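Working notes, structure below.
Just so you know, these numbers come straight off a predicted model, no measurement behind them. Count residues from 1 along the sequence.
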Amino acid sequence: MAPFELVLHSGGRTVRAAIAEAGAAIRQLSVDGVEITAEFDDRGPVPFFCGAVLIPWPNRVRDGRWVHHGRTHQLDINDARHGSALHGLVHHTAHRVVARSASSITLGASVLPQRGYPFRLRTEVTYHLVADGLTATHTVRNIGSDCAPVAIGAHPFLTIGDVPTETLALTVNGSHHIDVDDRLIPTGCTAVPGTAWDLRGGRVIADLDLDDAWSVPTSDGRSVHTLCSPDGRTVSLWADDSFGFVHVFITRQFPRGEQFVTAVALEPMTAPADAFNSGVGLRWLAPDETLSASWGIGYDDARYSRR
């Protein structure tokens with residue numbers, strides 16, 4: 001099915017987005033013709049969970065295995081390299097339209113009892129275009145009869161038009177780096193001051209190789225992380241205080257046409273990897289209880305703001 005097209009004309013700017021039915025994924029987002037999410041050939045499979053919603057857990061569960069009330073639950077393994085259950089249960093699920101306007105859309109899907117996750121959830125995400133980009137608001141409601149473990153994440157890849165990604169400077173406003181083992185499962189955390197994990201001052205993507213997470217403090221109820229081009233333009237990921245973590249994934253194997261390019265995902269997460277086992281950031285929703293969380297992508301054209 002063709003993506004849902006959204007458009008907003010506001011303050012002399014034009015914002016466009018395309019949202020896929022599968023995974024409620026952001027397929028395209030631009031401001032005044034400048035692409036601020038990574039593009040890919042939609043004739044092939046979606047690379048690296050690009051743009052998708054990650055519920056009821058982001059990141060991974062070690063061995064796909066977790067224990068609740070003395071019972072071991074076994075999730076399907078979809079990350080053979082690390083032997084993990086990766087990125088939840090709805091990243092390929094067909095979402096249905098709940099509400100729609102020219103500049104916003106709400107898509108919904110259900111999580112039904114299945115192997116490794118014997119709970120019922122109703123999930124919705126609303127994408128709303130704003131003058132500098134997009135706001136996403138997730139709601140997850142427990143529609144079952146038992147308390148259900150839930151965490152929320154998303155997987156947007158950010159870019160700035162045709163500026164080579166390797167030249168962008170990444171700023172991550174994280175206070176602690178999540179330390180991991182060779183399977184990317186958390187083992188502890190390290191305060192970033194004085195370490196190579198301190199990206200609060202920005203570092204060029206060409207110098208980085210990341211598949212890492214940070215815990216993030218919030219200021220005025222939100223955290224902000226940015227990519228900045230050499231000419232001063234920025235694209236930012238912001239998230240409300242429900243998202244206590246951000247994951248950064250850099251790949252040099254993102255498909256574009258007949259070649260591979262560098263791409264950067266900035267992933268807001270309410271819980272880190274393996275939260276089903278550690279409990280860190282995990283929410284247990286009582287029957288009929290709802291969890292809501294919001295994040296967004298914003299573009300700042302330094303040249304535009306000086307006009």
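Between L282 atom CG and T270 atom OG1 the span is 8.0 Å, to the nearest 0.5 Å. Going from atom NE2 of H128 over to atom OG of S294 covers 11.0 Å, rounded to the nearest 0.5 Å. With rounding to the nearest 0.5 angstrom, the OG1 atom of T226 is 7.0 Å from the CG atom of L170. Taking CD1 of I143 as the start and OG of S110 as the end, the distance is 5.0 Å to the nearest 0.5 Å. With rounding to the nearest 0.5 Å, the separation of CE in M269 from CG in L54 is 9.5 Å. In this structure, the separation between OG1 on T106 and NE2 on H95 is 11.5 Å, given to the nearest 0.5 Å.
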Inset, instruction - Please test V264 against L168 for side-chain contact (heavy atoms from CB on, under 4.5 Å), starting from the C-alpha separation and ending with a verdict. - result: CA-CA 10 Å; V264 183; L168 301 177; over 6 Å; no
Inset, instruction - Could you please spell out the steps behind the side-chain contact (heavy atoms from CB on, under 4.5 Å) verdict for L6 and S103? - result: CA-CA 5 Å; L6 305 178; S103 60; 5.6 Å; no
Legend entry - Residues D198, R200; criterion salt bridge (charged side-chain N to carboxylate O under 4.0 Å, His left out); working and verdict: CA-CA 6 Å; D198 191 348; R200 294 173 297 177; 2.8 Å; yes
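The closest donor-acceptor contact from the side chain of R183 to the backbone of H82 lies under 3.5 Å. Between the N142 side chain and the L285 main chain, a donor and an acceptor come within less than 3.5 Å of each other. Side-chain atoms of H225 come within 3.5 Å of backbone N or O of N173 as a donor-acceptor pair. Of the possible donor and acceptor atoms, none in the side chain of S236 sits under 3.5 Å from a partner among the backbone N and O of W238. Side-chain atoms of T251 come within 3.5 Å of backbone N or O of Q253 as a donor-acceptor pair. The main-chain N or O of D63 is found under 3.5 Å from a side-chain atom of Q74 such that the two form a donor-acceptor pair. At least one donor-acceptor pair under 3.5 Å links the side chain of H87 to the backbone N or O of N59. Distance alone, capped at 3.5 Å, is enough to place a donor-acceptor pair between the N78 side chain and the L86 backbone. A donor-acceptor contact shorter than 3.5 Å links the side chain of D274 to the backbone of R62. Between the side chain of Y117 and the main chain of P149, a donor-acceptor pair closer than 3.5 Å is present.
Here the options are E35, E39, R16, the test is side-chain hydrogen bond (donor to acceptor under 3.5 Å, both in side chains), and the partner is Q28; only E35 passes. Of the residues T195, T190, D212, the one that meets the side-chain hydrogen bond (donor to acceptor under 3.5 Å, both in side chains) test with H177 is D212. Considering L134, V130, L29 in turn, L29 is the only one that fulfils the side chain to side chain contact (heavy atoms under 4.5 Å, CB included) rule with V15.
Contact check on R141 versus E124 returns no salt bridge, with no Lys/Arg side-chain nitrogen under 4.0 Å from an Asp/Glu carboxylate oxygen. The pair R233-D231 counts as a salt bridge, with a side-chain nitrogen and a carboxylate oxygen less than 4.0 angstrom apart.
When hydrophobic clusters are built by joining Ile, Leu, Val, Met, Phe, Trp and Tyr residues whose side-chain heavy atoms come closer than 4.5 Å, directly or via intermediates, W197 is not grouped with I178. Linking ILVMFWY residues whenever their side-chain heavy atoms come closer than 4.5 Å, directly or via other members, leaves V246 and V224 in distinct clusters.
Heavy-atom neighbours of D162 CG from other residues, nucleotides or ligands within 6.0 Å: at or below the threshold of 12. For D207, the CG atom is densely surrounded, since the number of other residues' heavy atoms within 6.0 Å is greater than 12. With a 6.0 Å radius and a threshold of 12 heavy atoms from other residues, nucleotides or ligands, R71 has its CZ atom at or below the threshold.
The two residues R120 and P113 make their nearest non-hydrogen contact at CG-CD, 3.4 Å. For A25 against C50, the heavy-atom pair with the smallest separation is CB-O, 3.7 Å. Minimum heavy-atom separation, G174 to W214: CA-CB, 4.0 Å. Between V125 and A24, the shortest heavy-atom contact is CG1-CB, 3.7 Å. Heavy-atom minimum distance, A85 versus W57: O-NE1, 3.2 Å. When all heavy atoms are compared, the tightest approach of S223 to P217 is CB-O, 3.6 Å.
Ring geometry, H138 versus W295: the interplanar angle falls under 30°, so the pair is classed parallel (tilted spans 30 to 60°).
Side-chain contact between T165 and L227: absent, with no pair of heavy atoms (C-beta onward) separated by less than 4.5 Å.
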